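Letters A, B, ... mirror the listed sequences (proteins, then strands); counts begin at 1. Every heavy atom of this structure was used, including side-chain atoms; hydrogens, water molecules and symmetry mates were not. Just so we're clear, the structure is a prediction, and the values are computed from it rather than from any experiment.
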Amino acid sequence: MTVPALSIKNLNKKYGNGFEALKGIDLDVEQGDFFALLGPNGAGKSTTIGIICSLVTKTEGQVEVFGYNIDTHFPEAKKHIGIVPQEFNFNQFEKSFDILVTQAGYYGLPRVVAEQRAEKYLRLLDLWDKRSQPSRMLSGGMKRRLMIARALVHEPKLLILDEPTAGVDIELRRSMWQFLRDINAQGTTIILTTHYLEEAESLCRNVAIIDQGRIVRNTSIKSLLKMLDREVFIFDTRNPITALPDLGGVTGHLLDDHTFEVEVEKNQSLNGVFAALSQQAIEIVSMRNKANRLEEMFVSLTNPAAGASPGARSGKPEGHP
Amino acid sequence: MSNREKWIAFVTILVREIRRFMRIWQQTLLPPAITITLYFVIFGTLIGPRIGTMEGFSYIEFVAPGLIMMAVITNAYGNVVSSFYGAKFGKSIEELLVSPVPNYIILIGFIMGGVARGLAVGLIVTLLSLFFTKLHVQHLLITVSVVFLTAVLFSLAGFVNAVFARSFDDISIIPTFVLTPLTYLGGVFYSITMLPTFWQGVSHANPILYMINAFRYGMLGISDINLAWAFTMIGGFIVVLFAFCLHLLENSKGLRN
């Protein structure tokens, strides 16, 4: 059995003002995984990442990276980690190329190798043309990519990204997703925190949802989505309708003269809906999910009062499927 | 990390520090050159001849070692305090904190960066002084070792200031209200034998007095204080400050949440 890429046991963090940011977190991330760490603002995601990267001192608990304890074997543990923080934290006056070469030097890479790596990752992230520009001159998206390049320059086995696509336009976000999928396919374990739940659903295989310093769910994305009790679909009709058609016993709402929504419970199917609509000669031209499904689950887990599915909440984390 | 990797990390920090102060040479190397030239013109060429000799040397010859030392002290201190605080303020210090570089290598890297700027400015000022006076070097080893150790000491002091600083105002308070007065009162422009006995005693509590006098001894062969005691003071301060700086880094004072 291989050691996990990341193993966290009973991690606690209490700040000087008495605020408990983490209350006994246990988490394992397997090698090669693409793992999402989700949670509302202030849930403890960044504190957890900060402790893993030694930017935050823990109060209690144990963290191992590829079997190396961050307290007793910190150089070995740190060598395996690449971190992309939320905020830009490079020297804005330095050139992109110099930032990467310097970072490689911190990991003990000789100058020649550092320059080769800097070129490799600046090219991979479409920044090679900007290598001689002071980093402050780069656009927001370029700065994000520069931080990813910097995190990869020592070729870590575990890449941690703290909201890497915040403020990035859709096109760039998609290209970053593809890049991350590629390096994950090449064997790099990735942990991602994001507010874009679509991002987690699209990229990640496993997920932990953290809320108020505790992990409220730790499972696969697929298992999580299966736990949804209902889904809402929106139907668009070819011809105008004046009232909600008969939906074969399924609840629905008329939205406008060409659109209505259908709420399908877990034990219901859409076949009856389509049969009923066919009988009424209502032609459907398109159908889509009303909301991001993961978002619905996320809300139900972190804010049960607002969520649609109290049954989905559970106090204990689950193991990986 | 292996020793080779640690060496690479140290050189990386040092090169980055040197590149930083060379990139902004108009702010780091030019101002001390202009300031010290003005000192030489005013105190050396204009006022100096009216003062006469000081301990057997012309006034300009007497003040030259003190002015060189003053430039080394302020620039070694200024480099570390502004570079480390700037890295802390801009969060680029996190690049180092997440890396496997041991804290003592980080500290030595920043300190040697301060020493490099202190010595670079010291060299510029020394070359400029040759336009105004002849420089004597009576004891080369003492001259070089004192200037190096003083640069190390004030780089460490700058590091302490940078760790505790919470704003850019905080990094100018110590140089303005502590460092400059101590330097001016440390015998740059006069021999403390000119002072009343009481103030001579008070002056002995000023650590900069020992550095300037030890340096002056290396160049002119004269000193107001005991040389062995001067080296003991400088060495003692370096050991204490190095340990304190390392403690600050290890305990993440103001660096890690």
Side-chain angles (χ1 to χ4, degrees), chain A residues 13 15-16 19 21 46-47 49-58 65 68 70 73-95 98-114 134-136 147 150-151 153-154 156 160, chain B residues 1-28 82-110 112-113 247-257:
Chain A
K13 173 64 185 177
Y15 285 99
F19 174 69
S46 293
T47 301
I49 287 175
I51 290 171
I52 298 165
C53 302
S54 75
L55 289 175
V56 177
T57 48
K58 60 187 167 60
V65 178
Y68 292 108
I70 62 163
H73 293 81
F74 83 93
E76 292 86 353
K78 283 177 167 185
K79 272 186 181 180
H80 286 96
I81 304 172
I83 172 79
V84 181
Q86 264 183 53
E87 295 177 41
F88 301 130
N89 69 345
F90 45 75
N91 187 329
Q92 304 269 335
F93 298 99
E94 285 191 14
K95 295 171 188 166
D98 291 340
I99 287 172
L100 263 64
V101 171
T102 300
Q103 188 70 16
Y106 295 158
Y107 287 81
L109 271 68
R111 179 88 189 175
V112 176
V113 179
S135 55
R136 69 177 182 279
M147 292 211 294
R150 185 187 60 182
V153 78
H154 62 287
I160 301 174
Chain B
M1 286 181 101
S2 66
N3 286 336
R4 179 174 152 73
E5 287 172 329
K6 286 177 190 168
W7 172 251
I8 290 171
F10 163 71
V11 171
T12 302
I13 299 170
L14 179 58
V15 167
R16 193 205 55 197
E17 286 299 292
I18 293 172
R19 210 171 50 215
R20 189 194 76 87
F21 75 71
M22 293 299 283
R23 188 172 57 228
I24 50 170
W25 61 272
Q26 303 94 325
Q27 298 168 45
T28 54
S82 58
S83 175
F84 194 81
Y85 180 71
K88 209 172 80 167
F89 182 80
K91 291 184 179 286
S92 63
I93 193 65
E94 291 177 1
E95 291 177 338
L96 267 169
L97 297 179
V98 302
S99 77
V101 186
N103 285 334
Y104 71 91
I105 297 286
I106 295 176
L107 181 57
I108 294 172
F110 272 96
M112 286 302 125
H247 168 79
L248 292 175
L249 263 179
E250 297 283 354
N251 291 280
S252 316
K253 184 79 182 171
L255 298 173
R256 301 174 211 258
N257 291 317

Novice: Taking side chain as C-beta onward, heavy atoms only, is A:K79 less than 4.5 Å from B:E5?
Specialist: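 SC-SC contact between A:K79 and B:E5 confirmed.
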Novice: Using a cut-off of under 4.5 Å for heavy-atom pairs, which of B:V15, B:L97, B:I106, B:L96 has the most such pairs with chain A?
Specialist: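 Max contact count across the listed options: B:L96.
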Novice: Out of A:E94, A:E76, A:Q92, return the one with the most heavy atom pairs under 4.5 angstrom to chain B.
Specialist: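 The option with the most such pairs is A:E94.
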Novice: Please tabulate, for the side chains in residues 104-111 of chain A, all donor-acceptor contacts under 3.5 angstrom to protein atoms that are two or more places apart in sequence or on a different chain.
Specialist:
from   : atom 1 : to     : atom 2 : distance (Å)
A:Y106 : OH     : B:R16  : NH1    : 2.5
A:R111 : NE     : A:E115 : OE2    : 2.9
A:R111 : NH2    : A:E115 : OE2    : 3.3

Novice: What do you reckon, is CZ of B:F10 surrounded by more than 12 foreign heavy atoms closer than 6.0 Å?
Specialist: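 Counting other residues, nucleotides and ligands, CZ of B:F10 exceeds 12 neighbours.
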Novice: Using a cut-off of under 4.5 Å on heavy-atom pairs, state which of B:P100, B:G109, B:A87 scores highest against chain A.
Specialist: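 The residue among B:P100, B:G109, B:A87 with the greatest pair count is B:P100.
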Novice: With a 4.5 angstrom heavy-atom cut-off, is it the side chain or the backbone of B:R4 that approaches chain A, or both, or neither?
Specialist: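 Only the side chain of B:R4 comes within 4.5 Å of chain A.
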Novice: Against chain B, label A:F93 side chain, backbone, both or neither, depending on which of its atoms sit under 4.5 Å from a heavy atom there.
Specialist: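 Both backbone and side chain.
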Novice: Which pair of non-hydrogen atoms, one from A:N91 and one from B:E95, has the smallest distance, and what is that distance?
Specialist: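 Smallest interatomic distance, heavy atoms only, reads N-OE2, 4.4 Å.
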Novice: Which heavy atom in A:D98 sits nearest to a heavy atom in B:R19, and how many Å separate them?
Specialist: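 That would be CB-NH2, 3.7 Å.
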Novice: Taking side-chain hydrogen bond (donor to acceptor under 3.5 Å, both in side chains) as the test, write out the residues that go with B:S92, two or more places apart.
Specialist: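 By the side-chain hydrogen bond (donor to acceptor under 3.5 Å, both in side chains) rule, B:S92 matches no residue at all.
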Novice: Does any N or O in the side chain of A:K78 come within less than 3.5 Å of the main-chain N or O of B:V101, such that one atom is a donor and the other an acceptor?
Specialist: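 Checked: no pair found.
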